[in-house]
There are 2 protein chains.
Amino acid sequence: MSYSIGQVSEKLSISPYTLRYYDKEGLLPFVDRNDAGRRRFKDNDFNFLEVIMCLKEADVPVKQIGDFIDLCMTGDTTLQARYDFLTEHEQALEKKMAQLQHTLDFLRWKKWYYKTALQAGTESIHYLPGTNHVDPAVHVEFEKLVANGASPEELGKLA
Amino acid sequence: MSYSIGQVSEKLSISPYTLRYYDKEGLLPFVDRNDAGRRRFKDNDFNFLEVIMCLKEADVPVKQIGDFIDLCMTGDTTLQARYDFLTEHEQALEKKMAQLQHTLDFLRWKKWYYKTALQAGTESIHYLPGTNHVDPAVHVEFEKLVANGASPEELGKLA
DNA sequence: ATAGTTTCTAGAGCTGACTCTAAGTCAAGC
DNA sequence: GCTTGACTTAGAGTCAGCTCTAGAAACTAT
């Protein structure tokens with residue numbers, strides 16, 4: 001069973017332009033061609049494509065994905081290097097997810113800030129008296145609620 | 001207390017170029033200028049900068065961050081819109097984190113694939129007999145281990 | 001006062017990742 | 001045989017998000 005670039009494009013929701021671009025960048029050296037020079041993807045190629053999409057999702061630059069594919073094509077001598085490559089990006093991803101959790105918590109504190117402002121009808125309840133500058137005590141209050149067991153997610157929810 | 005662009009750059013580890021670029025894009029309308037036209041950041045401005053960096057971290061495009069800052073400058077009539085904006089990006093971020101968890105699990109299954117190949121000294125243990133195509137049963141085996149309570153993270157770890 | 005550092009603006013340049021155009025090839029249906 | 005549509009290449013164009021340059025003005029330290 002083999003697939004044209006259009007069929008692969010359809011299956012993976014990637015434009016044929018992008019697939020050709022990946023090929024040009026050396027990400028698809030495993031793809032065969034027919035007599036007319038047209039790309040014929042095999043079933044096994046989807047394993048590679050899956051890895052490529054995974055690494056893209058993990059924000060690995062196209063060039064580095066190409067390096068990994070090169071390792072794959074070289075054979076068993078690169079097994080350790082491939083393992084190390086994946087470990088490196090696993091760690092980067094873990095770090096990123098921790099960072100995003102931080103970001104999410106910040107977003108939720110800001111939601112609580114606006115929720116309470118909405119309930120008061122004005123943001124000025126959060127300002128230092130006589131200014132339009134936020135009172136640092138407001139964030140402290142939020143942190144206190146969280147420390148007492150409230151979840152940031154729930155605190156941000158509008159009734 | 002006020003801060004020059006260089007001091008802010010230092011504090012937040014953002015280049016002055018980038019700060020000026022953000023200003024040009026309308027992200028910093030709250031920043032004052034001195035008589036000579038130089039930017040003077042106030043303590044309160046760091047609240048805005050914190051929000052800007054948070055939204056950047058959440059992959060919100062610069063233009064949309066500008067829209068949010070515009071809402072902030074407009075006053076209490078936009079409280080609901082600001083709350084909704086944050087909710088929208090909270091949801092996008094939750095979705096993204098779920099996707100990244102998927103990606104992480106995939107990375108770990110591939111680590112296990114290479115770990116077992118390394119232990120065997122060759123990737124060919126995963127191939128269908130007489131081919132260099134991966135046997136789909138290999139992934140099934142991994143999934144079985146996970147279903148039986150093994151953690152993908154541990155399975156991928158080299159002894 | 002002067003040298004060195006920092007800042008200012010406008011605008012050019014860069015990078016990554018596509019995205020498309022042009023001109024041509026090939027396969028399928030009428 | 002001829003049209004239609006999917007494919008090919010090389011190379012140009014686009015977009016976001018910086019990043020830097022040039023030339024002028026303004027602080028800072030001696």
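Residue numbering restarts at 1 for every chain, and letters A, B, ... go by the order of the sequence lines. What you see is a predicted model, and the numbers here were worked out from it, not measured in a lab.
- Remark: A:S4 is not in phosphate contact with D:dA6, judged by side-chain N or O atoms under 4.0 Å from OP1 or OP2.
- For the pair B:F41 CZ and C:dT6 C1', the interatomic distance rounds to 14 Å; values are reported in whole Å.
- Residue A:F30 is tested with A:F48, A:F41, A:F46 for a ring-ring contact (aromatic ring centres under 6.0 Å, His included); the sole match is A:F48.
- Closest non-hydrogen pair, B:L49 versus B:L12, comes out as CD1-CD1, 3.8 Å.
- The side-chain tip of A:K24 does not point at the ring of A:Y21 from less than 6.0 angstrom away and within 45° of straight on.
- Atom CD of B:E10 has 12 or fewer neighbouring heavy atoms from other residues, nucleotides or ligands inside a 6.0 Å radius.
- Once rounded to the nearest 0.5 Å, the distance linking CG of B:L107 with CD of B:E153 reads 11.5 Å.
- Going from atom CD of A:E10 over to atom P of D:dC7 covers 10 Å, rounded to whole Å.
- Across every non-hydrogen atom of A:L71 and A:T78, the tightest pair is O-OG1, 2.7 Å.
- The main-chain N or O of A:K42 is found under 3.5 Å from a side-chain atom of A:D45 such that the two form a donor-acceptor pair.
- The stretch residues 43-73 of chain B does not touch DNA chain C, since none of its heavy atoms comes less than 4.0 Å from the strand.
- Of the residues in residues 11-39 of chain A, those placing a heavy atom less than 4.0 Å from an atom of DNA chain C are A:Y17, A:T18, A:Y21, A:Y22, A:A36, A:R38, in numerical order.
- Side-chain atoms of B:S15 come within 3.5 Å of backbone N or O of B:T18 as a donor-acceptor pair.
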